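If you're wondering where the values come from, they're calculated on a predicted model, not measured in any experiment.
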Amino acid sequence: MAFQRKRNAKGGRRKKRIFHRRKVCRFCADSSLAIDYKEPKTLRMFTTERGKIIPRRISGTCATHQRKLTESIKRARSIALLPYVGTVDL
């Protein structure tokens, strides 16, 4: 057989290593980026297509910036710059 599975020293199967790419906060990495409730284009990147705010474990933002983002998104929603729900495609 041309293909042999790799085994460890004890004869068992070797576990595959899963490498996770470390997420970096965009706002910490680039200090020129600012969180502003008057910029819905930037805020829209942190909401789902349904209009929900993306959690920091998925987006990778730090806790400080996530709080600022959440506040800005809610503020933008209240003055109708962002929708509360996603777009409806008919």
Problem set entry | Test log, rule side chain to side chain contact (heavy atoms under 4.5 Å, CB included), inputs R77 and I53 | CA-CA 11 Å; R77 282 176 180 165; I53 299 170; 3.9 Å; yes
Exercise. Does the pair R26 and F46 meet the rule for a side chain to side chain contact (heavy atoms under 4.5 Å, CB included), with working shown?
Worked result: CA-CA 11 Å; R26 292 183 197 181; F46 295 95; 4.1 Å; yes
Exercise. Do L82 and I73 pass the side chain to side chain contact (heavy atoms under 4.5 Å, CB included) test, and can you show the C-alpha distance, the side-chain angles, and the key distance before you say yes or no?
Worked result: CA-CA 7 Å; L82 277 179; I73 289 171; 4.0 Å; yes
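Between atom OH of residue Y84 and atom NZ of residue K74 there is a gap of 10.0 Å, rounded to the nearest 0.5 Å. Interatomic distance, CG of D36 versus NZ of K41, reported as 14.5 Å (0.5 Å rounding).
Considering all non-hydrogen atoms of both residues, S72 and I35 come closest at OG-CG2, 3.3 Å.
Side-chain atoms of C62 and K68, non-hydrogen and from C-beta on, never get closer than 4.5 Å to each other.
Counting only distance, with no hydrogens or angles, the side chain of K23 and the backbone of R57 share a donor-acceptor pair below 3.5 Å. A donor-acceptor pair under 3.5 Å is formed between the side chain of Q66 and the backbone N or O of I54.
Salt bridge annotation for R75-E71: present, with a cationic side-chain nitrogen under 4.0 angstrom from a carboxylate oxygen.
Under the 4.5 Å side-chain heavy-atom criterion for ILVMFWY residues, a single connected hydrophobic cluster contains both L43 and F27. In the hydrophobic cluster analysis, where Ile, Leu, Val, Met, Phe, Trp and Tyr join through side-chain heavy atoms closer than 4.5 angstrom, L69 is grouped together with M45.
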